[in-house]
Amino acid sequence: MRPPTVVDEDVRQTLRTAAMVLLEHLPELTGELVARTRDGDEVYCACVPYDEHWKSTLEGVRLGLTAILQPPSERRDLVFTANMARRRAEQGLPLDSLLRMYRLAGQVVWSALVDHMERERPERLSVLVRAAGHVWHAIDRQSMVACDTYNRREQEILGRSRERVNALLDALLDGTADAGVVRAAEAALDLPEHGSYAVVTVRRGGRQDDALLPESLDGMRLLWRMRTGHEVAVAALGGAGLDDLCRELSYVISGVAGVSPVVTGLAELAAAHELALLAMRTCVDGGPEIARLDGRVPAALMLTRPDLAFHLLDSALGPLLALDSADRDTLLTTLETWLACDGSAARAAARLFCHRNTIVNRVRRIEQLTGRSLARPRDLVDLALALDAARLLPNRNA
């Protein structure tokens, strides 16, 4: 509401006289406003202690009435309004409750002005009506200042809260959280210290349509953090398991993700993070692929000891790797497919679109080149591990 462009001296004098009288009844006005504000607003009662509410209301009404007696350039009530709004934001009082209080303050003060004029100067009521715009504009100014200050302070608080949450998550994931930090994280993140958790890592660029990664999946809660080259989430599983988590992730992840084994507490998340990263490293293409570490242990072992992986690669597959690239790739693909088909030449042939005898002949050639028999368990383990090494350490054969 715009103020009157000109407040004539008659209106000004009428307001000043009434304001001086109302200042003599400040406790009564304060009591009425406090009662009306707290009545029916349980949140206000919970957030603002009664004594504090009374004192701030007393001072606010006093400054509001005093402002009528001062030039517009000396609106000390607005400074008080800003400080009080900042305090209410810190107390967690909803903005709607704060603005409702200002509407009630306008009603209480205006009703008191009208009552005074009706009793003492009824002939001046018409002048008071002309002052209505001036009074309500003052209330609007207070409301606007309160709203603006509240919003700014709320954003500061939310920003600091997010920073603290992120710092606690980082400490849990990086292994720098001591017992005190774990307890603080339990409260700040609303997660039980002891519970069923897994860590998920997603290679950057592997989002479904670049949408935000989900914060919940079928009752499981996910808390995400961004890292260099990937994003990581703490998954609070509740009563779910890894099968449930991976199934739900498959609907939203279009690239590559790694999933740790289940751990039973916040203090174990750093180890789970490392295992999820390791699982993700076993994926060599762009996906979609969700790698569970419990299904990638041999490949993970190759990654953790590349020196031994290269040694095994040379000893188990060296002669095969020395072939020209076309021949080498054909035999490696055949071996990988044969293993994936549990040693079934017929199934491998169907998958590679060739005759069964072709697979049998290639397998024999692999055995001849490597000096290993796929019928011997120890040789089979060596060749399977060496194949993982060849897949994960391609530069060795470049």
Side-chain angles (χ1 to χ4, degrees), residues 168-179 181-182 185-186 189-204 206-207 213-285 287-306 308-309 339-340 381 384-385 387-389 391-393:
L168 290 169
L169 268 177
D170 287 342
L172 293 173
L173 291 168
D174 296 340
T176 58
D178 58 19
V181 172
V182 170
E186 178 183 16
L189 305 178
D190 192 24
L191 294 173
E193 180 179 354
H194 302 288
S196 184
Y197 297 101
V199 172
V200 178
T201 56
V202 178
R203 190 177 297 162
R204 188 124 341 125
R207 302 177 179 203
L213 289 166
E215 295 182 356
S216 64
L217 289 171
D218 195 24
M220 295 171 281
R221 185 180 169 206
L222 281 75
L223 287 78
W224 292 94
R225 285 292 285 137
M226 183 177 293
R227 296 297 176 88
T228 303
H230 73 281
E231 297 189 54
V232 55
V234 172
L237 300 177
L242 287 184
D243 289 341
D244 304 303
L245 176 61
C246 292
R247 183 187 65 250
E248 295 300 319
L249 285 172
S250 69
Y251 300 141
V252 296
I253 302 297
S254 61
V256 168
V259 180
S260 76
V262 174
V263 295
T264 57
L266 297 179
E268 301 174 61
L269 290 177
H273 182 206
E274 291 298 322
L275 295 178
L277 285 172
L278 190 55
M280 188 172 67
R281 288 175 58 200
T282 67
C283 305
V284 296
D285 55 25
E289 186 174 7
I290 296 174
R292 286 173 55 166
L293 185 75
D294 56 10
R296 303 288 180 93
V297 173
L301 289 172
M302 295 297 96
L303 287 170
T304 56
R305 287 298 303 270
L308 293 180
L339 290 171
V381 169
L385 289 174
L387 189 62
D388 275 335
R391 180 174 63 87
L392 296 170
L393 307 169

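Values in this document were obtained by computation on a predicted structure and should not be read as measured data.
R247 places none of its side-chain heavy atoms less than 4.5 Å from the side chain of I290. Contact check for M302 versus L393: no side-chain heavy atoms found under the 4.5 Å cut-off. Taking the side chain as every heavy atom from C-beta outward, L275 and V199 never approach each other to under 4.5 Å. With a 4.5 Å cut-off on side-chain heavy atoms, T304 and R281 do not count as touching. Looking only at side-chain heavy atoms (C-beta outward), L249 and M220 stay at 4.5 Å or farther from each other. R225 has its side chain out of reach of H273: every pair of non-hydrogen atoms, C-beta onward, lies at least 4.5 Å apart.
Distance CG/L242 to OG/S196: 7.5 Å, rounded to 0.5 Å. For the atom pair CG of L173 and CD of E274, the computed distance is 10.0 Å after rounding to the nearest 0.5 Å. Expressed to the nearest 0.5 Å, how far CZ of R296 lies from OG1 of T282 amounts to 4.0 Å.
Contact between L168 and A185 at its shortest, heavy atoms only, is CD1-CA, 3.9 Å. Contact between L169 and W224 at its shortest, heavy atoms only, is CD1-O, 4.2 Å. A pairwise comparison of heavy atoms in A299 and D388 identifies N-OD2, 3.7 Å as the closest pair. Of all heavy-atom pairs between A309 and A389, the closest is O-CB, 3.9 Å. Nearest heavy-atom pair across L277 and H230 is CD2-NE2, 3.5 Å. The shortest heavy-atom contact between L303 and P306 is O-CD, 3.5 Å.
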Between D218 and D244, is a side chain to side chain contact (heavy atoms under 4.5 Å, CB included) present by the stated rule, with each step listed?
CA-CA 8 Å; D218 195 24; D244 304 303; 5.6 Å; no
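Across L189, L223, L191, a single residue satisfies side chain to side chain contact (heavy atoms under 4.5 Å, CB included) together with L172, and that is L189.
Within a 6.0 Å radius of CD in E193, more than 12 heavy atoms belonging to other residues, nucleotides or ligands are found.
For R203 (side chain) and M280 (main-chain N/O), a donor-acceptor pair under 3.5 Å exists by modelled atom type. Of the possible donor and acceptor atoms, one in the side chain of T201 sits under 3.5 Å from a partner among the backbone N and O of A276.
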